Number of protein chains: 2
Amino acid sequence: MSDDHDESTLGRIETEVALLMRFGEATRRATGTAEHRVLDRAAYVILRHLADAGPQNVSALAARLNLDGSTVTRQVSALQRDGLITRTPDPSDGRGTVISPTPAGLQRMAAVQAARTRLYGDMLADWSAEDRDTLAALLGRLNQALVNRNRR
Amino acid sequence: MSDDHDESTLGRIETEVALLMRFGEATRRATGTAEHRVLDRAAYVILRHLADAGPQNVSALAARLNLDGSTVTRQVSALQRDGLITRTPDPSDGRGTVISPTPAGLQRMAAVQAARTRLYGDMLADWSAEDRDTLAALLGRLNQALVNRNRR
DNA sequence: GATAAGTACCTGTACGATACAGCTATCTGA
DNA sequence: TCAGATAGCTGTATCGTACAGGTACTTATC
């Protein structure tokens, strides 16, 4: 008897995720181009990951971000052109290149991150702290579930 | 005193949403191309909205989906080419075109929707019904907050 | 009821993000 | 040592999207 209920909940989740992606995309487009500039592309995600996980190879980035190596290569090239990362030869592997964020890159990333966080703060202004916590936790679990599924 | 806590919660939400968009995109790419074919593009979102809200104009679709009119025009053209929607002149406005889903379109959409719902069912297999409900509800509120913010 | 202003849609064009295929340089194991 | 694997880059293609401009139609004003 609870199957019907479950089905519809899954449907709602599917709907809401699709909507979120739609709106998130639009928001990224709007905020990325308008105020902060330059950090438009997937650049933000790459810089974030570099800041979190430290300097690393193109391949490692590609694997972690679920992107093709060639995509990361191009993004990284753009970031280098803008002085936000540096490429250095991997000392332990002549084929590899280690990508490190520059101070400017970290700063730029932090600024965008702060702006986004502020945005969420505005949007969720009337939410209780508890609801925010719950949302963060459930989203984390959802992402974990996504990762696990992709890994299979 | 709770400000620090709030800050970090907002940061987590920001992180998780960014991650979700990244993985969601990858998932869409993977499931869209592999099994169901044809319904790759924003086509799915358009068909869903037509199924939910009934036949409507290009402009209405564009406004609702947060897309440029030209984008919707092209998506709709592709959908028409594939026999998934029909265009009829708006009887009440000679400039307008009413977009209606065809049975084939509805069927295709339902198939993709079912596949996605199944996917979520798999991923969230070990979640309690309560957690699923809560996730659906909070995502709904988050989207509502996003819509409100865009409207401002 | 004529005409100016607005609206709906389409088309041309451009761009960003991405993937896949193929290349070169380098590494590694038998 | 050398055959196969791997790291990264480049060429090319595709998709989704936006913006600018055009045409046809509608609405409001006088």
Side-chain angles (χ1 to χ4, degrees), chain A residues 18 21-34 36-47 55-82 85-100, chain B residues 18 21-34 37-47 55-82 85-99:
Chain A
M21 302 233 303
R22 193 90 276 309
F23 282 117
E25 186 59 24
T27 302
R28 183 189 63 74
R29 212 172 290 277
T31 56
T33 335
H36 321 296
R37 210 83 181 92
V38 182
L39 216 48
D40 342 4
R41 43 193 113 250
Y44 175 61
V45 192
I46 290 181
L47 276 174
Q56 60 200 281
N57 284 341
V58 172
S59 314
L61 278 172
R64 191 62 166 266
L65 302 176
N66 235 313
L67 289 172
D68 191 83
S70 65
T71 301
V72 174
T73 292
R74 282 172 233 268
Q75 301 282 7
V76 159
S77 297
L79 284 167
Q80 186 179 31
R81 172 175 43 68
D82 296 340
I85 61 99
T86 57
R87 278 177 164 114
T88 52
D90 187 333
S92 72
D93 186 338
R95 297 163 299 179
T97 311
V98 177
I99 314 299
S100 314
Chain B
M21 302 231 303
R22 194 91 277 307
F23 284 117
E25 186 59 24
T27 301
R28 183 188 64 73
R29 212 173 289 277
T31 56
T33 333
R37 211 79 181 91
V38 182
L39 216 49
D40 342 5
R41 43 194 115 251
Y44 176 60
V45 192
I46 290 180
L47 275 174
Q56 59 200 283
N57 283 345
V58 171
S59 315
L61 277 172
R64 190 59 166 269
L65 303 177
N66 237 309
L67 290 171
D68 191 84
S70 66
T71 300
V72 175
T73 292
R74 282 173 236 269
Q75 300 283 6
V76 159
S77 297
L79 284 167
Q80 187 180 33
R81 171 174 45 68
D82 296 339
I85 60 99
T86 56
R87 279 175 162 115
T88 50
D90 187 335
S92 72
D93 185 339
R95 297 163 300 177
T97 311
V98 177
I99 314 298

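Labels below follow one simple rule: chain letters A, B, ... track the order of the sequence lines, proteins then strands, and each chain is numbered from 1. Fair warning: this is a prediction, and the values are worked out from it, not measured in the lab.
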Review point. Is G69(A) touching bases, backbone alone, or none of the nucleic acid, heavy atoms closer than 4.0 Å?
Key: nothing
Review point. Any side-chain N or O of T71(B) under 4.0 Å from OP1/OP2 of dA18(D)?
Key: yes
Review point. How close or far is atom P of dG8(D) from atom CG of D93(A), stated in whole angstroms?
Key: 8 Å
Check your understanding: Is there a side-chain polar atom (N or O) of Q75(A) under 4.0 Å from OP1 or OP2 of dG16(C)?
Key -> no
Exercise for review: Evaluate side-chain contact (heavy atoms from CB on, under 4.5 Å) for R74(A) paired with S70(A), printing each intermediate quantity in order.
Suggested key: CA-CA 6 Å; R74(A) 282 172 233 268; S70(A) 65; 4.1 Å; yes
Check your understanding: Which is true for D90(A) with a 4.0 Å heavy-atom rule: it touches a base, it touches only sugar-phosphate, or it touches nothing?
Key -> nothing
Revision key, fill the gap. From CG of D68(A) across to P of dA21(C) the rounded distance in Å is 10 Å
Check your understanding: Between dG16(C) atom P and I46(A) atom CD1, what is the distance in whole Å?
Key -> 15 Å
Point to revise | Interatomic distance where OH belongs to Y44(B) and P belongs to dG16(D) [whole Å] | key: 15 Å
Check your understanding: If you measure only the distance, is there a donor-acceptor pair under 3.5 Å linking the side chains of N57(A) and S59(A)?
Key -> no
Exercise for review: Would you indicate what T97(A) reaches in the nucleic acid, counting non-hydrogen atoms under 4.0 angstrom: base, sugar-phosphate, or nothing?
Suggested key: sugar-phosphate
Practice item. State which of dG12(C), dC9(D), dT10(D) makes the closest approach to the side chain of R74(A). Key: dT10(D)
Review point. Can a donor-acceptor pair under 3.5 Å be found between the side-chain atoms of S77(B) and the base atoms of dC10(C)?
Key: no
Check your understanding: With respect to the side chain of T73(A), which nucleotide from dG8(D), dT26(C), dA17(C) is positioned closest?
Key -> dG8(D)
**Study point:** Nearest-nucleotide pick for R87(B), side chain only, options being dG11(D), dC10(C), dG8(D)
**Key:** dC10(C)
**Study point:** Distance in Å, T71(A) OG1 paired with L61(A) CG, rounded so as to fall on 0.5 Å steps
**Key:** 12.0 Å
Review point. With a 4.5 Å limit on heavy-atom distance, are the side chains of I99(A) and R87(A) in contact?
Key: yes
Check your understanding: Roughly how many Å is it from CZ in R81(B) to C1' in dC15(D), rounded to a whole number?
Key -> 12 Å
Check your understanding: For the base of dT6(D), is there a side-chain donor-acceptor partner from R95(A) under 3.5 Å away?
Key -> yes
Exercise for review: Figure out the CG/P separation between L61(B) and dG16(D), and round it to whole Å.
Suggested key: 16 Å
Review point. How close do L79(B) and A43(B) get, heavy atom to heavy atom, and via which atoms?
Key: CD2-CB, 3.6 Å
Practice item. To the nearest Å, give me how far apart CG (L67(B)) and P (dC10(C)) are. Key: 15 Å
